[in-house]
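FYI, the numbering just counts along the sequence from 1.
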Amino acid sequence: QVQLVESGGGLVQVGGSLRLSCTASGRTISINTMGWFRQAPGKERELVAAINRIGAWRYSDDSVKGRFTISRDNAKNTMYLQMDSLKPEDSAVYYCAADFSSRLGLRTDEYDYWGQGTQVTVSS
């Protein structure tokens, strides 16, 4: 089993920055891909970015490229999401997810473990 705990969410003004962290515990040696998803009210949960153990990554779409940066520290079993130039449309609950495969999955069903989520609110 794997447990994931997110931190770093909060309220920020447009154009501000936040850094989310996700720390894994339990069977961490088996974790390969880790991802950040987000879910806004009334919308489906969607991938923001994913990264695997060797550092390969993907971002979901152009809306976050150049503004968000995913990274991880395998020694600390921690993944990060640096979010800059935040926009109101970035407001959502951000979830950390993990999987034992290296495939950088796009879909929620490709991840077996989930954190509880952390709220990010961007105010205008």
Side-chain angles (χ1 to χ4, degrees):
Q1 285 292 75
V2 171
Q3 295 79 43
L4 303 172
V5 178
E6 304 100 333
S7 62
L11 174 65
V12 65
Q13 292 186 331
V14 168
S17 299
L18 284 173
R19 188 193 195 204
L20 305 183
S21 299
C22 171
T23 299
S25 61
R27 195 179 162 188
T28 58
I29 195 170
S30 297
I31 296 173
N32 199 321
T33 294
M34 297 183 76
W36 287 103
F37 284 75
R38 66 185 179 185
Q39 188 168 21
K43 296 188 176 181
E44 293 187 353
R45 194 172 298 187
E46 62 177 6
L47 178 74
V48 176
I51 186 169
N52 65 19
R53 180 170 286 275
I54 62 170
W57 45 260
R58 72 183 302 173
Y59 294 89
S60 60
D61 56 44
D62 290 341
S63 69
V64 302
K65 288 179 183 177
R67 299 190 300 121
F68 291 9
T69 304
I70 191 170
S71 62
R72 69 190 278 179
D73 185 334
N74 291 329
K76 295 182 178 179
N77 297 311
T78 300
M79 174 180 64
Y80 305 96
L81 185 69
Q82 177 67 42
M83 303 187 294
D84 298 319
S85 302
L86 283 161
K87 303 176 181 180
E89 52 264 41
D90 295 319
S91 298
V93 178
Y94 283 70
Y95 295 91
C96 171
D99 187 61
F100 294 167
S101 78
S102 62
R103 60 190 168 196
L104 300 173
L106 276 173
R107 305 188 314 270
T108 57
D109 63 0
E110 295 182 273
Y111 294 80
D112 290 328
Y113 301 99
W114 291 86
Q116 294 298 308
T118 185
Q119 177 71 48
V120 171
T121 303
V122 184
S123 67
S124 56

* Asked: Of all heavy-atom pairs between A92 and A40, which one has the smallest distance, and what is that distance?
  -> CB-N, 3.8 Å

Tabulate below the donor-acceptor pairs under 3.5 Å that side-chain atoms of residues 15-26 make, not counting sequence neighbours, or state none.
residue: S17; atom: OG; partner: D84; partner atom: OD1; Å: 2.8
residue: T23; atom: OG1; partner: T78; partner atom: OG1; Å: 3.2
residue: S25; atom: OG; partner: Q3; partner atom: OE1; Å: 3.4

* Remaining members of the apolar cluster that contains V5, side-chain heavy atoms under 4.5 Å -> none

* Asked: Do S7 and T118 come close enough that some side-chain heavy atom pair is under 4.5 Å?
  -> no

* Does T108 offer a backbone N or O that forms a donor-acceptor pair with the side chain of R45 under 3.5 Å? -> no

* Asked: If you measure from OH on Y59 to CD1 on I51, what distance do you get to the nearest 0.5 Å?
  -> 7.5 Å

* Asked: Hey, mind stepping through Y113 and D99 against side chain to side chain contact (heavy atoms under 4.5 Å, CB included) and telling me if it holds?
  -> CA-CA 7 Å; Y113 301 99; D99 187 61; over 6 Å; no

* Asked: Does any non-hydrogen side-chain atom of R38 lie less than 4.5 Å from one of V120?
  -> no

* Answer yes or no: are there more than 12 heavy-atom neighbours, outside Q119 itself, under 6.0 Å from its atom CD? => yes

* Would you give the length of the straight line joining atom CE of M34 to atom CZ of R72, rounded to the nearest 0.5 angstrom? => 6.0 Å

* **Ion pair D62/K65, N-O distance below 4.0 Å** => yes

* Any donor-acceptor N/O pair, E6 side chain to Q116 backbone, under 3.5 Å -> yes

* Structure fact -> On a heavy-atom basis, the closest approach of N32 and S102 is ND2-CB, 3.5 Å

* What are the two closest heavy atoms between R107 and E110, and how far apart are they? -> N-OE1, 2.9 Å

* **N74 (side chain) donor-acceptor with R53 (main chain) under 3.5 angstrom** => yes

* To do: Could you walk me through whether R67 and D90 pass the side chain to side chain contact (heavy atoms under 4.5 Å, CB included) test, one step at a time?
  => CA-CA 11 Å; R67 299 190 300 121; D90 295 319; 2.7 Å; yes

* How is the hydrophobic cluster of F37 composed, in terms of its other members, when Ile, Leu, Val, Met, Phe, Trp and Tyr link through side-chain heavy atoms under 4.5 Å apart, directly or indirectly? -> L47, V93, Y95, L106, Y111, W114

* Between atom CG of N52 and atom CD1 of I31, what is the distance when rounded to the nearest 0.5 Å? -> 12.5 Å

* Would a 4.5 Å heavy-atom cut-off, applied to side chains only, mark M83 and V12 as touching? -> no

* Of all the heavy-atom pairs spanning W36 and I70, show the shortest one and how long it is. => CD1-CD1, 3.8 Å

* Asked: Should we say atom CD of Q1 is surrounded by more than 12 heavy atoms from elsewhere, each under 6.0 Å from it?
  -> no

* Structure fact -> Rounded to the nearest 0.5 Å, the CD atom of E89 sits from the OG atom of S63 at a distance of 8.0 Å

* **Full working for side chain to side chain contact (heavy atoms under 4.5 Å, CB included) between S91 and V122** => CA-CA 5 Å; S91 298; V122 184; 3.7 Å; yes

* Would you check if Y80 and T69 make a side-chain contact, meaning some heavy-atom pair closer than 4.5 Å? => no

* To do: With the side chain counted from C-beta on, respond yes when M79 and C96 share a heavy-atom pair under 4.5 Å apart, and no when they do not.
  => yes

